[in-house]
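Single-structure report; data block below.
Residue numbers run from 1 in the order of the sequence given.
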Amino acid sequence: MGKKRSGGGLTGSQQAAKFLGVSVLSGVVLAGMAIPAAGALGLAAKGTVEGFDEIPANLKTPPLSQRTTILDAEGGLIATVYSRDRQVVPLTSISPYMQKAIVAIEDSRFYEHGAVDLKGILRAVNRNAQEGGAAQGASTLTQQYVKNVFVEEAGDDETKVREAQEKSLGRKIRELKYSIQVEEELGKKKILENYLNITYFGQQAYGIESAAQRYFSKPAKDLTLEESALLAGVVQSPSRYDPVNDNQEATKRRNIVLQRMADTKDVSQAEADAAKAKPVTLKVTKPKNGCITAVKGAGFFCDYVRNSFLTDPVFGKTREERAKVWNKGGLTVRTTLDPQSQDSANESIKDHVYQEDAIATAVTMVQPGTGRVLAMGQSKPYGFGKNETQINYSVDKRMGGSNFGFQVGSTFKPFIAAAALERGMPPTKVYAAPNKLDYPSPISRCDGSQYINTRKESAENETEDEIGPYALRTAMEKSINTYFVEMIGEIGLCPVSEMAAKLGVVPASGAKLADGPAIALGSEEMSPLTMANAYATFANRGVYCTPVAIESITDAHGKALAVPKSKCERAMSQNTADTINTLLSGVVDSGTGERAGLTDRDSAGKTGTTDSRYNAWFVGYTPNVSGAVWVGSGGAKKITMENIVIGGRSYNKVFGGGLPGPIWKDAITGALSGREALRFTTVHIAEPNVPSGGPRGNKPSTSPSRPGKPGGDGKPGGRPGGQNAGQTGGPGGGATGGGATGGGAGQPDNPFPGITIDPGTVIGGRDGQ
């Protein structure tokens, strides 16, 4: 075919094609498209030279959608995702048999004609006239390629796909003009390469490489003669000639292709006959698409990666733009998932909670100082079947998580302590911390308003034995609810809200954090990732880093794309973080999280058990890794975790330290096996002189423990009483935060200098509460 003139005019060959497009095609040559005679006659009026000129001169070829590969931090495959399973390969990576087969059956004169095959048109007209129908078409391989470009550009828009495939005159002429351009610009070999990469071969396989892998589990370059003929035959009707579902029909079609190859002298008749004699032998690789195919139980992490891409402006200004890039695929996404940590999380989950259990668990790990998400797993696998789910319990709603997250219970208390310490409160602070008290009122908020306890709401400790006074260390170890309510009453709600914001602690629903004292009891619903990442700030000595799951991305051409980076900012002083680390180390040494404590390295953490035991938590960390474990009912129905069998074990009552704690311990132990044991920087916290006694001498109760209150988290066999539990008061009765017990005459002075206590909070023994 001739070249374009420098002045932009049409060459003789193009003029001829143009004439053909508006005259020859306006007749029965369109019989191959089965256009009725009336429609064909109407073309002559519409298909003018002027109309042909109005069609844009340049065909915009969209990049072909391909599969995207998601890898872990070490380069291991996690999953393959795609909107269309395609792997683009050069012509040199396609078997010569395949190249010859597709040309022989689809356009045997491909190398002899231009964009339009006049002989082919005349042959089609004659054949169709003889048979009284549309038995044979006249489209060249180039025209078919152009049509496929239109289909590819339409994507998943069904209306546009229909328009791209409609048997209309307008589409045929547009296809013709673009075919002329393609012939001029690409040449025969490139057209053939593009055609073989864009064409649909059935069984969700787009392009010859994916087709070869799908049907024969081998690359396209290794296709044999008979295999090539089979795939070439599929193209005309992927459903009719599908060898997986109709071997007999596919064999007939394959043999037609083989004979055509012999007729065109691409192979000898003997070769064709030998290939015909062979049965169709498939080695099918089933389609594997999406996060449901993820290995290492990483389906939810895979889904988190996808949502991270779709929600981050780094990848496009709008979600629509980002989705277009993701659906086009061809990406290699290297993630932060650590195989060792993921394996350990999975093993721990399987050891403690079964898939068929009524309740579920989720485990999430992040790396302090980088925000890298290291592991993400749960007991209900990613899927659509029984005891499976597509809800990611580890993340917020906008990232594919549950609608509301889960109440965090006492795991919120370290945030309150951090806010108080940042305001200068000493770590030796003592509060009366009675067994039960009304919420302090009024309490200031950030917007200048005040919380007023008009409904007389109150907080209560886990058991009747938990009666103050307490200092901060023991209050944290024993998870004393009333202590932290009093702390909020002194510092106000605003410092707590501000600290939570600095730590990325936001409700999983996306709503604003509540600003009432109930947050001291963990009434807010968070995701495990949020909690794990917030606690990582303590491990990182006060510097918060946003979570990230994507390490790097390269496109189909190997070009690196920009990826979101973790943003790190100081949320609290080093001294405050070191103090929290010291306090939470005590929780796992001798407090409610004792069963979670590690023996071979420094660790810290906090337990949490919510009202009615609907949720139980352990959030803990070492200097290397921070992890959150949630256990509860993931569905709409809330389950009280009392007298329940989980993971084959019977539990009278599930505590944060009793089930989530051991899950965390096993998961973290495996994740850090063979890795450096770093140390915390701790601070010395003096033991305050807490008066002995308290209501009724702080004697341990002989009555059975009550069910857990919101945020309470006692442990079986936990130490009863206050800091000096078991010590009785003097003859005049034990001093309390609210005054004196009724042992002596009059009301003695407040025994806690510097502590302001509502005189009506505790007025004598337990009978008076």
Side-chain angles (χ1 to χ4, degrees), residues 345 348-349 351-354 357-364 377-380 393-394 402 404-414 461-463 476-481 508 520-532 534-535 584 587-588 591-597 605-621 627-635 637-668 705-718:
S348 182
I349 290 169
D351 287 346
H352 293 278
V353 181
Y354 295 159
D357 286 340
I359 62 93
T361 187
V363 177
T364 305
Q378 61 192 52
S379 58
K380 303 292 185 187
Y393 299 143
S394 288
S402 68
F404 304 108
F406 311 101
Q407 287 186 327
V408 296
S410 295
T411 59
F412 196 88
K413 289 171 181 171
N461 292 332
E462 171 71 17
T463 68
M476 187 70 79
E477 291 177 3
K478 294 178 66 62
S479 199
I480 303 300
N481 291 334
L521 312 184
S523 59
E524 289 295 273
E525 297 171 315
M526 311 290 180
S527 68
L529 176 58
T530 292
M531 298 302 291
Y535 273 52
L584 297 186
V587 173
V588 299
T592 59
E594 190 172 2
R595 292 180 61 186
K606 186 70 188 72
T607 56
T609 309
T610 66
D611 189 22
S612 300
R613 303 187 191 281
Y614 291 144
N615 303 283
W617 291 76
F618 185 83
V619 187
Y621 56 96
V629 176
W630 161 83
V631 175
S633 50
K637 182 181 178 181
K638 293 184 177 181
I639 299 172
T640 297
M641 293 186 289
E642 295 182 8
N643 301 315
I644 190 171
V645 176
I646 304 171
R649 301 176 182 90
S650 296
Y651 292 86
N652 182 31
K653 296 177 181 179
V654 173
F655 295 90
L659 178 55
I663 294 174
W664 182 91
K665 181 177 183 178
D666 291 349
I668 297 298
S705 297
R706 293 170 296 173
K709 304 302 181 293
D713 201 59
K715 64 172 185 176

Would N643 and N652 satisfy side chain to side chain contact (heavy atoms under 4.5 Å, CB included), going step by step from the backbone distance to the final call?
CA-CA 4 Å; N643 301 315; N652 182 31; 3.0 Å; yes
For side chain to side chain contact (heavy atoms under 4.5 Å, CB included), just list the numbers for V587 and M476, CA-CA rounded to whole Å, side-chain angles, deciding distance to a tenth of an Å, and then say yes or no.
CA-CA 7 Å; V587 173; M476 187 70 79; 3.9 Å; yes
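We find the CZ-NZ distance between F618 and K665 to be 10.5 Å, quoted to the nearest 0.5 Å. Distance CG/L521 to CD/Q407: 9.5 Å, rounded to 0.5 Å. Going from atom OG of S394 over to atom CD of Q378 covers 6.0 Å, rounded to the nearest 0.5 Å. If you take OG1 on T592 and CD on E477, they are separated by 8.5 Å, rounding to the nearest 0.5 Å. For the atom pair OG1 of T640 and NZ of K653, the computed distance is 11.5 Å after rounding to the nearest 0.5 Å. For the atom pair CD1 of I639 and CG of N615, the computed distance is 11.0 Å after rounding to the nearest 0.5 Å.
Closest of all the heavy-atom pairs between K380 and A360 is CG-CB, 3.9 Å. For the pair A345 and V363, the tightest heavy-atom approach, listed with the atom from each and the gap, is CB-CG1, 4.1 Å. Contact between G409 and T610 at its shortest, heavy atoms only, is N-CG2, 3.7 Å. Residue P662 comes nearest to G657 through the heavy atom pair CD-O, 3.4 Å, listed as atom of the first residue, atom of the second, then distance. The two residues A508 and S527 have their closest heavy-atom pair at CB-N, 4.1 Å. The shortest non-hydrogen separation linking G661 to A596 is O-CB, 3.5 Å.
Using a 4.5 Å cut-off on side-chain heavy atoms (C-beta onward), M641 and I359 make contact. S348 is not listed as a side-chain neighbour of W664, based on a closest heavy-atom distance of 4.5 Å or more. The closest side-chain heavy-atom distance from R613 to F655 is below 4.5 Å. In this structure the side chain of S479 reaches within 4.5 angstrom of the side chain of K606, judged on heavy atoms. Using a 4.5 Å heavy-atom threshold, the side chains of K638 and S612 count as separate.
Between the side chain of N461 and the backbone N or O of I480 there is no donor-acceptor pair closer than 3.5 Å. Under the 3.5 Å distance criterion, the side-chain polar atoms of Y393 are left unmatched by any main-chain donor or acceptor of G632.
In this structure, F406 and W630 have parallel ring planes: the angle between them is below the 30° cut-off, well short of the 60° mark.
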